[in-house]
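Because only heavy atoms are used, hydrogens play no part in the values below, and waters and symmetry mates are left out as well, while side chains stay in.
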Amino acid sequence: MQAGEDTIDQPLGIDSWAGAMNRELALATHRKSWRPDSFLFQLGSGTLGNLISAGRMVEFHAGNTLITEGDTDTSVYLLLSSCVKVTARLGEVGEALLAVRFGGDLVGELAAVDARQRSATVRACGRTPVTASKLDRVDFIAILRDDPSGMLALSAYMSGKLRSATRRRVDYTGCPPAVRLARVLRELVETHGNGSTGAGLIIGVDLTQIELGTLVGVKRASAERALRDLRRAGLIDTGGKRLLVRDIGSLIRFAEQGT
């Protein structure tokens, strides 16, 4: 970790982590919030239990850093709850938001697989603490090496990330900012749309206009115009701290057709 970073990395232990519940019940509780296509959801109970047992329970509050770009640490984090932002440096002008990951996801797997430096920074960003299991790469690889279904789940998960990155790159070159943003918002609704109200679906992560801009490959001014276009079309509301998608059906159509 870089000097001065306010990072909490404390062992919680199964008893303190689960409270009155046993480990299986605690995992079942977290599992309810995981997406069906998430890495942890895809694992069999035995594999998941082995990974959790081999790791160390850690907790991060909003702004704390799990992974720092350029570091040589190769640990893996199994996210059990809340969410993190994945960013990369943009020279001297700041950072680009690459992705948002949620409970059920895995971060740090690239360095675990190829033993190279970290390619991005990962920070907790949820309004509730991130609970995760932190594993050494040797333990992570050893468990999955002996479990073909677990290794297949890892391959599928990494392939999904690659497909998403490829699709985003195509969007950068072939779509106007408003369409790019609509596609990202559709993805966020699909992965973490919650807090449904009569007015629509709340995207459950705080995102600034600069972050939204870097996520879709445009400058802040273009991101502001894209948000304004979507708001005027009645698709979203940006009045609160979190984006509200007013009409998910129309947002999807706009994302696909640009109209």
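Side chain of R180 to main chain of C175: a donor-acceptor pair is present (N/O by atom type, distance under 3.5 Å, no hydrogens or angles). Of the possible polar contacts, none joining the Q209 side chain to the A223 backbone as a donor-acceptor pair under 3.5 Å is found. Between the side chain of S38 and the backbone N or O of W34, no donor-acceptor pair lies under 3.5 Å. The closest donor-acceptor contact from the side chain of S133 to the backbone of L78 lies at 3.5 Å or more, if one exists at all. In this structure, the side chain of S75 does not engage the main chain of D136 through any donor-acceptor pair within 3.5 Å. Counting only distance, with no hydrogens or angles, the side chain of T47 and the backbone of L43 share no donor-acceptor pair below 3.5 Å. Panel note: side chain Y77, backbone L66; a donor-acceptor pair is recorded below 3.5 Å. Within the 3.5 Å criterion, the main-chain N or O of A132 finds no donor-acceptor partner in the side chain of E59.
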Inset, instruction - Before giving the answer on side chain to side chain contact (heavy atoms under 4.5 Å, CB included), spell out for V122 and E69 the whole-Å C-alpha distance, their side-chain angles and the decisive distance to 0.1 Å. - result: CA-CA 8 Å; V122 179; E69 183 179 354; over 6 Å; no
Inset, instruction - Go through the steps for L251 and D247 under the test side chain to side chain contact (heavy atoms under 4.5 Å, CB included), then give the verdict. - result: CA-CA 6 Å; L251 181 72; D247 187 338; over 6 Å; no
Inset, instruction - Would you please test D206 and C125 for side chain to side chain contact (heavy atoms under 4.5 Å, CB included) and show each step? - result: CA-CA 7 Å; D206 296 329; C125 65; over 6 Å; no
Inset, instruction - Test salt bridge (Lys or Arg N to Asp or Glu O under 4.0 Å) on E256 and R183 and set out the steps. - result: CA-CA 8 Å; E256 293 175 348; R183 292 180 177 180; over 6 Å; no
Legend entry - Working for side chain to side chain contact (heavy atoms under 4.5 Å, CB included), residues F140 and L106: CA-CA 12 Å; F140 179 71; L106 174 71; 4.0 Å; yes
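With rounding to the nearest 0.5 angstrom, the CD atom of E95 is 3.5 Å from the OG1 atom of T87. Atom CZ of residue R220 and atom CG of residue L212 lie 11.0 Å apart, to the nearest 0.5 angstrom. The distance from the OG1 atom of T238 to the CG atom of L230 is 9.5 Å, given to the nearest 0.5 Å. Rounded to the nearest 0.5 angstrom, D229 CG and L235 CG are separated by 10.0 Å. One finds the CG atom of L51 at 4.5 Å from the CD1 atom of I143 (value rounded to the nearest 0.5 Å). Atoms NZ and NE2, on K32 and H30 in that order, are 11.5 Å from each other to the nearest 0.5 Å.
The only option from I236, L201, D237, I203 that meets the side-chain contact (heavy atoms from CB on, under 4.5 Å) definition with L244 turns out to be D237.
Proximity of K161 to R101: side-chain heavy atoms (C-beta onward) are separated by under 4.5 Å at one or more points. Counting heavy atoms from C-beta outward, L243 and L227 have side chains that approach closer than 4.5 Å. For the pair I248/V189, a side-chain contact is recorded, criterion being any heavy-atom separation below 4.5 Å from C-beta on. Between R35 and F41 there is no side-chain heavy-atom pair separated by less than 4.5 Å.
In this structure, L207 is not a member of the same hydrophobic cluster as I210, with clusters built from ILVMFWY side-chain heavy atoms closer than 4.5 Å.
Considering every non-hydrogen atom in both R145 and M151, the closest pair reads N-CE, 3.8 Å. The nearest pair of heavy atoms linking L79 to L40 is O-CD1, 3.3 Å. Here the closest heavy-atom approach between residue G126 and residue S82 is recorded as CA-OG, 3.4 Å. Smallest separation of non-hydrogen atoms from V58 and K134: CG2-CB, 4.2 Å. The shortest non-hydrogen separation linking C83 to V100 is CB-CG1, 4.4 Å. Closest of all the heavy-atom pairs between L80 and M57 is CD1-CE, 3.3 Å.
Using a 4.0 Å cut-off between charged nitrogen and carboxylate oxygen, E224 and R231 do not count as a salt-bridge pair. A salt bridge between D71 and R118 is absent, with no side-chain N of the basic residue lying under 4.0 Å from a carboxylate O of the acidic one. Using a cutoff of 4.0 Å between basic side-chain nitrogens and carboxylate oxygens, R168 and E187 are scored as salt-bridged.
At a cut-off of 3.5 Å, with distance as the only test, no side-chain donor of T166 or R169 sits close to an acceptor on the other residue. Y157 and D105 share a side-chain donor-acceptor pair at under 3.5 Å.
Cation-pi geometry between R123 and F60 is not met at under 6.0 angstrom from the ring centre and within 45 degrees of the axis.
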